[in-house]
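Right, one structure below, let's go through it.
Bear in mind the structure is a predicted one, so any value in this text is a computation, not a measurement. Position 1 is the first residue of the sequence; numbering continues from there.
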Amino acid sequence: MGSKEDRPIWARALTSIASLMLIGSFIFVLIAGFNLYITSVLVTGAMGLAIPSAISAEGILDAVIGFFEALVEGVMEALFGIFQAITSVFG
């Protein structure tokens with residue numbers, strides 16, 4: 001995928017949103033089970049992470065590693081944004 005500084009802001013936003021969609025839909029599935037809406041959110045989140053990493057990959061292993069790298073990076077970006085908002089309220 002590339003380092004954080006090499007990627008544009010829209011790519012980082014896409015990974016953050018897609019990661020939050022995946023995590024939120026997994027939590028909802030554990031609590032309430034599958035339905036049409038949650039399945040569509042789950043598929044959209046997976047596609048939001050998989051398509052950019054598959055396009056920039058050179059092989060299958062690189063695409064799989066890029067998917068998980070984008071997932072972890074998106075979660076970190078989202079948590080960093082939440083913590084930054086909380087600290088700006090108290091700082």
Pairwise side-chain contact, L49 with F68, heavy-atom cut-off 4.5 Å (strictly under) |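 A side-chain contact is absent here, since even the closest heavy-atom pair is not under 4.5 Å.
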T39 vs L42 side-chain heavy atoms within contact, under 4.5 Å =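 When only atoms from C-beta onward are counted, L42 and T39 do not touch, as no gap falls below 4.5 Å.
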Going by side-chain heavy atoms closer than 4.5 Å, which hydrophobic residues are tied to [X], directly or by a chain of links?
X	result
V72	M76
I65	L61
M21	I17, V41
W10	none

Is [X] linked to [Y] within one hydrophobic cluster, defined over Ile, Leu, Val, Met, Phe, Trp and Tyr using a side-chain heavy-atom separation of less than 4.5 Å?
X	Y	value
I51	V43	yes
I23	F26	no
F34	Y37	no

Can you name the nearest heavy-atom pair linking [X] to [Y], along with the distance?
X	Y	result
S19	G74	OG-CA, 3.5 Å
A63	A54	CB-CA, 4.2 Å
P52	G48	CD-O, 3.4 Å

Can you tell me if CD1 on I60 sees more than 12 non-hydrogen neighbours from other groups inside 6.0 Å?
->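 Incorrect, the count does not exceed 12.
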Taking side chain to side chain contact (heavy atoms under 4.5 Å, CB included) as the test, write out the residues that go with I31, two or more places apart.
->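 I31: side chain to side chain contact (heavy atoms under 4.5 Å, CB included) contacts with I27.
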With A78 via side chain to side chain contact (heavy atoms under 4.5 Å, CB included) - residues at least two apart =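 In terms of side chain to side chain contact (heavy atoms under 4.5 Å, CB included), with neighbours along the sequence ignored, A78 is linked to L20.
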Got a donor-acceptor contact below 3.5 angstrom from the S16 side chain to the E77 backbone?
->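 Not confirmed, S16 side chain does not pair with E77 backbone.
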To the nearest 0.5 Å, how far apart are CG in L71 and CD in E73?
->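 Here the rounded value is 10.5 Å.
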